[in-house]
Amino acid sequence: MRGTVFWETGRPLTIEEFRMPRPKAGEVLIKTKACGVCHSDLHVLKGELPFSSPCVVGHEITGEVVDHGSHTPAEIINRFPVGSHVVGAFIMPCGNCFYCVKGQEDLCESFFAYNRAKGTLYDGETRLFLRSNGKPVYMYSMGGLAEYCVVPANALAVLPNSLPYTESAILGCAVFTAYGALRHAAEMRAGDSVAVIGVGGVGSSCLQIAKAFGASEVIAVDVLDEKLQNARTLGATHTVNAAKEDAVERIKEITDGRGVDVAVEALGKALTFSQCAKSVRDGGKAVMIGLAATNVMGEVDITRLVRRQVKIIGSYGARARQDLPQIVKLAESGAFNLKNTISRKCKFEEANSAYEDLDHGKIVGRAVVEIM
């Protein structure tokens with residue numbers, strides 16, 4: 001099979017031939033149909049987040065089940081029979097660690113200790129090996145930017161035939177992250193006012209989740225008018241161009257001087273971290289979902305935090321077994337405008353240029369690579 005390999009910072013991605021990956025117990029081999037182009041991958045490609053290399057990035061996928069690992073339990077095979085359409089979550093819970101047992105799969109110890117720290121699955125080994133010399137290539141999540149990928153069954157949900165492969169790829173990261181931020185971290189309620197700072201792929205999904213959950217006001221903040229125009233089609237009731245006006249002051253104007261019940265930061269920058277914290281009302285929740293380069297620090301007014309009971313919460317993804325099926329149901333019901341969220345569809349050979357355009361702010365919503 002072919003896969004797209006990241007070798008080192010500053011070197012373009014290359015398409016290489018791999019041995020066909022083999023799933024192990026509890027794992028599923030997927031024929032990849034589509035893979036989203038995400039900023040988290042870009043952080044790895046730019047060396048802003050440490051990760052093992054060479055590796056295959058790509059972590060929001062849809063595809064078709066083609067095989068199961070030996071000794072895989074019958075209930076998994078019955079749930080995901082060969083030929084099933086599936087969507088994969090980027091957080092792939094082991095199901096057995098301290099946090100998974102407590103229902104906090106988004107903190108899975110094995111995922112962070114093995115996949116994020118070492119680029120492997122939970123036996124400490126990758127499933128990707130170059131065809132030419134057998135050398136291992138590491139996996140960022142499932143290593144989805146390839147013609148086939150191995151995914152732990154705990155990270156999968158069935159994708160109904162009514163949902164297309166390409167547009168549905170974003171369910172496993174962009175929408176998954178937005179759902180976790182508003183459902184779990186913010187504990188958002190119908191009638192809450194919500195501001196989203198940074199309305200790219202993930203931020204756009206936050207707008208749609210907020211609308212689906214019954215937000216009274218949905219305020220989109222960005223520095224590009226094109227993104228803000230798109231935000232209107234995805235549920236934003238108000239837009240703020242932070243390059244032209246003070247975002248915090250404008251959010252307060254919209255909310256009668258108080259600030260929003262929930263603000264979400266989707267960029268991972270010190271400035272927007274501060275804006276997010278300042279935008280919430282007394283007792284409000286500022287939810288941070290944007291990843292930053294290593295050692296970037298955010299500042300907060302400690303006295304206001306204490307006296308006015310402001311809550312600052314980090315949120316990374318969601319809980320695959322609990323949440324991914326619910327996200328699929330929301331998508332099936334039409335709660336998301338998947339078509340408008342996807343602003344570019346790319347061929348497999350165009351992945352490198354897609355990440356370059358993402359880095360230069362040329363992708364309004366989300367780009368998706370169509371693989372097969």
Trainee: Taking the side chain from Asp192 and the backbone from Met188, do they hold a donor-acceptor pair closer than 3.5 Å?
Mentor: no

Trainee: Between the main-chain N or O of Lys269 and the side-chain N or O of Thr272, is there a donor-acceptor pair closer than 3.5 Å?
Mentor: yes

Trainee: Tyr316 and side chain to side chain contact (heavy atoms under 4.5 Å, CB included): which single residue from Leu107, Thr177, Ile91 fits?
Mentor: Ile91

Trainee: Would you sort out whether Thr166 and Glu370 count as a side-chain hydrogen bond (donor to acceptor under 3.5 Å, both in side chains), showing the intermediate values?
Mentor: CA-CA 6 Å; Thr166 299; Glu370 296 179 308; 2.8 Å; yes

Trainee: Verify side-chain hydrogen bond (donor to acceptor under 3.5 Å, both in side chains) between His184 and Asp106, making sure each step is shown before the conclusion.
Mentor: CA-CA 10 Å; His184 299 302; Asp106 41 351; over 6 Å; no

Trainee: Is the positively charged end of Arg127 above the ring of Phe18, judged by distance under 6.0 angstrom from the centroid and angle within 45° of the axis?
Mentor: no

Trainee: May I ask you to check if Lys102 and Tyr99 form a cation-pi contact, with NZ or CZ under 6.0 angstrom from the six-membered ring centre and within 45° of the axis?
Mentor: no

Trainee: Do Lys278 and Glu249 sit within salt-bridge range, that is, some charged N less than 4.0 Å from a carboxylate O?
Mentor: no

Trainee: As a quick check of understanding, evaluate salt bridge (charged side-chain N to carboxylate O under 4.0 Å, His left out) for Arg366 and Glu60, giving each step before the final call.
Mentor: CA-CA 11 Å; Arg366 194 63 139 195; Glu60 53 178 22; 2.8 Å; yes

Trainee: Is there a path from Leu163 to Val86 through hydrophobic residues (I, L, V, M, F, W, Y) whose side chains come within less than 4.5 Å of each other?
Mentor: yes

Trainee: Between Glu48 and Lys46, does any NZ, NE, NH1 or NH2 come within less than 4.0 Å of an OD or OE carboxylate oxygen?
Mentor: yes

Trainee: Can you hop from Leu49 to Met92 via hydrophobic side chains spaced under 4.5 Å?
Mentor: yes

Trainee: Do Glu253 and Arg250 sit within salt-bridge range, that is, some charged N less than 4.0 Å from a carboxylate O?
Mentor: yes

Trainee: Tell me if a side-chain donor or acceptor on Thr126 pairs with a main-chain N or O of Leu128 at a distance below 3.5 Å.
Mentor: yes

Trainee: Check whether Leu267 and Val260 end up in the same hydrophobic cluster, where Ile, Leu, Val, Met, Phe, Trp and Tyr are linked by side-chain heavy atoms less than 4.5 Å apart.
Mentor: no

Trainee: Any salt bridge between Glu125 and Lys24, counting N to O under 4.0 Å?
Mentor: yes

Trainee: If we check side chain to side chain contact (heavy atoms under 4.5 Å, CB included) with Leu156, which of these qualifies: Val28, Leu324, Ile76, Val87?
Mentor: Val28

Trainee: Check this for me, if you would: do Glu147 and Arg2 make a salt bridge, where the nitrogen-to-carboxylate-oxygen distance has to be below 4.0 angstrom?
Mentor: yes

Trainee: State whether the side chain of Glu27 and the backbone N or O of Leu29 hold a donor-acceptor pair below 3.5 Å, judged by distance alone.
Mentor: no

Trainee: Assess, by modelled atom type and distance only, whether the side chains of Asp359 and His39 contain a donor and an acceptor separated by less than 3.5 Å.
Mentor: no

Trainee: I'd like to check Leu228 versus Asp222 (side-chain heavy atoms, cut-off strictly below 4.5 Å). Are they in contact?
Mentor: yes

Trainee: Is a salt bridge present between Asp282 and Arg307, judged by a nitrogen-to-oxygen distance below 4.0 Å?
Mentor: no

Trainee: Consider only side-chain heavy atoms of I, L, V, M, F, W and Y, link residues closer than 4.5 Å, and tell whether Met139 and Phe348 are in one cluster.
Mentor: yes

Trainee: May I have the step-by-step check of salt bridge (charged side-chain N to carboxylate O under 4.0 Å, His left out) for Lys285 and Asp261, ending in yes or no?
Mentor: CA-CA 6 Å; Lys285 296 176 181 177; Asp261 297 299; over 6 Å; no

Trainee: Between Phe176 and Phe112, is there shared hydrophobic-cluster membership here, with clusters defined by ILVMFWY side-chain heavy atoms closer than 4.5 Å?
Mentor: yes

Trainee: Would you say Gln208's side chain and Asn337's backbone share a donor-acceptor pair under 3.5 angstrom?
Mentor: yes

Trainee: Please examine the side chains of Val368 and Val37, heavy atoms only from C-beta on, and report whether any two atoms are closer than 4.5 Å.
Mentor: no

Trainee: Ring centres under 6.0 Å, that's the criterion: do Tyr138 and Phe51 meet it?
Mentor: no

Trainee: Please work out whether the ring planes of His59 and Phe90 are parallel, tilted or perpendicular, with thresholds of 30° and 60°.
Mentor: perpendicular

Trainee: Looking at Ile289, Val196, Val175, which hits side chain to side chain contact (heavy atoms under 4.5 Å, CB included) with Val202?
Mentor: Ile289

Trainee: Are Tyr179 and Phe336 an aromatic pair, judged by ring center distance below 6.0 Å?
Mentor: no

Trainee: For the residue pair Tyr140 and Asp41, confirm or rule out a side-chain donor-acceptor distance under 3.5 Å.
Mentor: no

